Trainee: 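First the structure, then my questions, so here it is.
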Number of protein chains: 2
Amino acid sequence: MVESNYFQVALSSSLVVFGFNGKQLLIVTEKRKKSPFKRAPMLPSKMVLPEESLESATNSLLKSIFCETTENHTEQLKAFANPYRNSDGRVVNIAQYAVLRYAATQLKMNSNYQWCDLEDLPSLVFDHDEILTFAKERLKRRVKRRPIGFHFLPKEFTFKEIHTLYELALRKKLDKRNFRKKLFSSDLLVDTNKSVTVEENNKPSNLYMFNTKEYEKLTLKGYDFSFK
Amino acid sequence: MVESNYFQVALSSSLVVFGFNGKQLLIVTEKRKKSPFKRAPMLPSKMVLPEESLESATNSLLKSIFCETTENHTEQLKAFANPYRNSDGRVVNIAQYAVLRYAATQLKMNSNYQWCDLEDLPSLVFDHDEILTFAKERLKRRVKRRPIGFHFLPKEFTFKEIHTLYELALRKKLDKRNFRKKLFSSDLLVDTNKSVTVEENNKPSNLYMFNTKEYEKLTLKGYDFSFK
DNA sequence: GCAAAAGTGTTAGGGTTACACCCATGT
DNA sequence: ACATGGGTGTAACCCTAACACTTTTGC
């Protein structure tokens with residue numbers, strides 16, 4: 001029997017929701033509703049009920065942010081458990097990492113949530129900057145080792161989109177030809193034989209899809225996008 | 001103000017303590033003291049007090065296992081937060097991963113703790129097998145990307161020891177010559193010019209130490225021991 | 001001299017990098 | 001015809017992988 005005086009901790013969960021609009025990596029921020037730091041930017045967060053699972057908490061947060069919560073990828077990031085994070089008592093924050101298809105989502109109207117360019121982000125309240133830093137490292141690693149970068153993209157996408165996505169996530173330039181070579185050598189992409197004119201005045205670009213079989217295989221066993 | 005009915009969760013912490021005795025990878029297991037599953041093997045675990053930090057909980061657990069807690073490496077593994085892990089109420093287990101120098105430690109006498117060969121481990125109680133699986137994956141990754149394998153070894157060690165350690169952690173054979181080549185090309189090892197006869201009847205082996213500077217550099221920036 | 005483990009090089013192949021020009025389109 | 005971004009190939013280098021024999025020691 002666990003002594004009852006241990007049961008005095010609260011659980012919260014913050015989300016780092018990544019998206020990609022074709023040009024920028026974005027995360028969802030929330031405008032804080034309460035004092036202190038009213039209206040300061042923060043990660044979307046909620047208290048987790050004592051009987052509530054983390055998955056359910058994450059999902060309900062996502063539902064409060066987006067109109068339809070389309071398919072998304074979520075995983076646990078880390079527990080931030082410093083005893084003095086919150087003045088009301090001990091609140092352990094189990095941060096979650098999420099990636100979803102920007103184009104398939106829509107923020108709820110009149111909510112306190114908004115997409116924010118990762119490159120141009122204000123400081124967040126509490127320890128949320130630390131959580132974000134952690135999440136960015138996770139993203140970097142995932143992009144390198146798994147075809148997870150692809151949770152970002154619409155069903156059909158151009159080479160440029162995936163190229164830009166990888167450059168932003170890894171925060172480095174990737175040689176166009178080499179990146180293409182590697183990507184296509186992996187059997188991960190399928191040419192749809194469609195093309196699309198992204199901007200007026202220039203050559204239309206090809207549209208690609210994922211090879212689902214290969215995608216799942218690589219998700220399981222991992223691979224190595226070891227760009228210098 | 002966070003409403004008070006959230007503060008009903010308890011915090012526990014389990015440790016996966018890895019060690020290496022020169023021949024086997026080991027973890028510390030504990031014999032459970034209470035029913036149900038009295039005397040069943042489990043990961044060393046403790047409840048975390050509401051004001052106690054995770055680091056402090058980990059350290060006190062280590063102190064209860066070992067006579068002297070020498071230098072060790074610990075990091076958070078994952079929070080296991082399923083609401084129904086424990087019948088007394090919600091207990092969130094924040095599992096920790098730890099590596100220490102086997103040769104520099106000593107288990108406390110008459111304790112319920114013991115070293116256990118990873119290759120020959122019984123089933124553990126509750127979700128501890130799941131935690132262990134997670135920890136083994138973490139170890140694998142760490143060994144690949146960082147000179148963390150070296151937290152295992154004594155100050156001076158033979159090539160065979162580090163070779164065996166890597167083989168066990170990665171769970172694959174590593175070609176002796178190629179492994180040696182890679183290891184020495186990294187500037188990470190220093191030849192002590194000492195040698196030691198490990199077993200009678202054969203050639204003594206060289207002793208190596210770490211190049212601390214290089215070690216720290218690689219700890220920060222990572223490297224890539226990508227053995228096939 | 002024998003048993004046991006330590007220590008040592010080479011080669012072939014594959015992957016990574018660096019790099020510059022032509023192509024298709026809309027105006 | 002021109003401006004814009006899309007799309008393409010090659011060569012040098014490096015790293016990896018495969019592989020077997022000699023050396024040193026204690027008995």
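Just so it is clear, the model here is predicted, and its values are computed rather than measured. Chain letters run A, B, ... following the sequence lines, proteins first and then strands; every chain starts at 1.
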Trainee: Go through the N and O atoms of the side chain of B:Asn202 and the base of C:dA3, and report whether any donor-acceptor pair is under 3.5 Å.
Mentor: no
Trainee: Can you tell me how far C1' of D:dA18 sits from NZ of B:Lys176, to the nearest Å?
Mentor: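 The distance from NZ of B:Lys176 to C1' of D:dA18 comes to 15 Å, rounded to the nearest Å.
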Trainee: To the nearest angstrom, how far is B:Asp175 atom CG from D:dA18 atom C1'?
Mentor: 7 Å
Trainee: Are B:Tyr208 and B:Phe184 an aromatic pair by the rule of ring centers under 6.0 Å?
Mentor: yes
Trainee: Would you say the side chain of B:Arg177 and the base of D:dA20 hold a donor-acceptor pair, judged only by whether the two atoms sit under 3.5 Å apart?
Mentor: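 Counting by modelled atom types and ignoring angles, a donor-acceptor contact under 3.5 Å is found here.
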Trainee: Flag the pair B:Asp224 and B:Lys144 as a salt bridge only when some basic side-chain nitrogen lies within less than 4.0 angstrom of an acidic carboxylate oxygen.
Mentor: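 Answer for the salt bridge query: no.
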Trainee: Got a donor-acceptor pair under 3.5 Å from the side chain of A:Lys181 to the base of C:dT17?
Mentor: yes
Trainee: How long is the line joining CG of A:Leu207 and C1' of D:dG6, in whole Å?
Mentor: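 Interatomic distance, CG of A:Leu207 to C1' of D:dG6: 13 Å.
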Trainee: Would the base of C:dG26 count as contacting A:Lys203 through its side chain, where contact means a donor and an acceptor less than 3.5 Å apart?
Mentor: no
Trainee: Just the rounded figure in Å: distance from C1' of C:dG7 to NZ of B:Lys182.
Mentor: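 After rounding, the gap between these two atoms is 20 Å.
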Trainee: Which is true for A:Lys160 with a 4.0 Å heavy-atom rule: it touches a base, it touches only sugar-phosphate, or it touches nothing?
Mentor: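 Sugar-phosphate, no base atom in range.
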Trainee: Can you list every pair that meets salt bridge (Lys or Arg N to Asp or Glu O under 4.0 Å) and has a residue in residues 212-221 of chain B, with sequence neighbours left out?
Mentor: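 Of all non-adjacent pairs touching residues 212-221 of chain B, those that pass salt bridge (Lys or Arg N to Asp or Glu O under 4.0 Å) are B:Glu214-B:Lys217.
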Trainee: Could you tell me how far apart B:Ile162 (CD1) and C:dA6 (C1') are, to the nearest whole angstrom?
Mentor: 16 Å
Trainee: Within this structure, what is the CZ-to-C1' distance between B:Phe184 and C:dG7, rounded to whole angstrom?
Mentor: 10 Å
Trainee: Would you say the ring centers of A:Phe157 and A:Phe210 fall short of 6.0 Å from each other?
Mentor: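 Centroid distance A:Phe157-A:Phe210: below 6.0 Å, so yes.
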Trainee: Does A:Phe80 have A:Arg85 sitting over its ring (NZ/CZ under 6.0 Å from centre, angle to axis within 45°)?
Mentor: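 No, a cation-pi geometry is absent between A:Arg85 and A:Phe80.
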Trainee: When you get a sec, tell me which of C:dG7, C:dT16, D:dT8 is the closest nucleotide to the side chain of A:Arg180?
Mentor: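 Looking only at side-chain atoms, A:Arg180 lies closest to D:dT8.
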Trainee: Distance check needed: D:dC19 P versus B:Leu174 CG, whole Å only.
Mentor: 16 Å
Trainee: Between atom CG in B:Asn178 and atom C1' in C:dT10, what is the gap in whole Å?
Mentor: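 Atom CG in B:Asn178 sits about 11 Å away from atom C1' in C:dT10.
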